[in-house]
Q: 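Handing you a structure now.
Below, read A as the first sequence line, B as the second, and so on, with proteins coming before strands; counting in each chain starts at 1.
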Protein chains: 2
Amino acid sequence: MKAINLEEKYQAFEEKWSPHLIAELNGQQVLLAKVEGDFVWHAHEEEDELFHVIKGKLTIDFRDKSVELLPGELLVVPKGVEHRPRAEEETWIMLFEPLGIKHTGGRTTAITKSHYPRI
Amino acid sequence: MKAINLEEKYQAFEEKWSPHLIAELNGQQVLLAKVEGDFVWHAHEEEDELFHVIKGKLTIDFRDKSVELLPGELLVVPKGVEHRPRAEEETWIMLFEPLGIKHTGGRTTAITKSHYPRI
């Protein structure tokens, strides 16, 4: 049991749109990702998903609006809601969601990861 | 669905050791608390608990050691593990844990809150 330093964890990987696992609790997981550019439109049928921006700026598009998140801001995307995260510059996000969730939701694409490395 | 700004939420209350609810997802909750001084020794028999320091410094005492958390650092306390959070100065923390958890665990004390106000 030791402190998890977010800055150090982000230094451990470079790949964009590739979540890395830093903690598990109560059947949930805490993931870090570096993102830049547009992600794919997707939804998670069974899981709510929390986005927390640590650095940069994340825009989450919905079919009827967009929400911008700056560092120190977070948003819960309810299950079933289609969304597309995107970032104009390199942005660091922290995600809180159930274990076993796929980051591309019901879609399997070229960027879909089947495993989130633990760092 | 709108951005939750942590700084704004912390401005909404002053009371120490009194968690306030900012989000719910997947049967879990996100709580903010301002803390200063020593909390009580306690354990949560069924729930893991994530502490994330936003401002200040949090020390979590365990029976065999202590862990210090600075801003940008987090720690998961596994269920069943006795712990005592404390802070020498006013410290802002964010907690992730299951809905319905009591912040004083298996103990009911004068500071135990039966309800976490939503802000």
Q: Checking B:Gln28 against chain A: side chain, backbone, both or neither under 4.5 Å from a heavy atom?
A: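 For B:Gln28, side-chain heavy atoms alone lie under 4.5 Å from chain A.
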
Q: Does any heavy atom of chain A fall under 4.5 Å from the side chain of B:Val67, the backbone, both, or neither of them?
A: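 Only the side chain of B:Val67 comes within 4.5 Å of chain A.
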
Q: Are A:Asn26 and B:Glu47 packed together at the side-chain level, in the sense that at least one heavy-atom pair is separated by less than 4.5 angstrom?
A: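 Yes. Closest side-chain heavy atoms under 4.5 Å.
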
Q: Heavy-atom cut-off 4.5 Å, strictly under: side chain, backbone, both or neither for B:Phe51 against chain A?
A: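 The answer is neither part of B:Phe51.
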
Q: Please classify the contact between B:Lys65 and chain A as side chain, backbone, both or neither, with a heavy-atom cut-off of under 4.5 Å.
A: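 B:Lys65 touches chain A through side-chain heavy atoms alone.
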
Q: Please determine, among A:Pro98, A:Ala23, A:Pro71, the option with the most heavy-atom pairs under 4.5 Å with chain B.
A: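 Highest number of pairs under 4.5 Å: A:Pro98.
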
Q: Identify which part of B:Glu8 has an atom lying under 4.5 Å from any heavy atom of chain A, answering side chain, backbone, both or neither.
A: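 B:Glu8 has no heavy atom closer than 4.5 Å to chain A.
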
Q: For A:Glu24 and B:Val76, what are the C-alpha separation, side-chain angles and deciding distance, and is it a side chain to side chain contact (heavy atoms under 4.5 Å, CB included)?
A: CA-CA 8 Å; A:Glu24 291 179 28; B:Val76 174; over 6 Å; no

Q: Taking C-beta and beyond as the side chain, do B:Leu50 and A:Val30 meet within less than 4.5 Å on heavy atoms?
A: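 Side-chain contact under 4.5 Å: yes.
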
Q: What part of B:Val53 lies closer than 4.5 angstrom to a heavy atom of chain A: side chain, backbone, both or neither?
A: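 Neither the backbone nor the side chain of B:Val53 comes within 4.5 Å of chain A.
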
Q: Which pair of non-hydrogen atoms, one from A:Ala3 and one from B:Glu73, has the smallest distance, and what is that distance?
A: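 Minimum heavy-atom separation between A:Ala3 and B:Glu73: CB-OE1, 4.2 Å.
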
Q: Does some side-chain heavy atom of B:Met1 sit less than 4.5 Å from a side-chain heavy atom of A:Val81?
A: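 Side-chain contact under 4.5 Å: yes.
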
Q: Please determine, among A:Glu7, A:Lys2, A:Glu97, the option with the most heavy-atom pairs under 4.5 Å with chain B.
A: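 It is A:Lys2.
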
Q: Can you tell me which portion of A:Leu74 sits under 4.5 Å from chain B's heavy atoms? Options are side chain, backbone, both or neither.
A: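 It is both, since atoms from each part get that close.
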
Q: With a 4.5 Å heavy-atom cut-off (strictly below), which parts of residues 83-92 of chain B touch chain A? List them by number.
A: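 Heavy-atom contacts from residues 83-92 of chain B to chain A are absent.
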
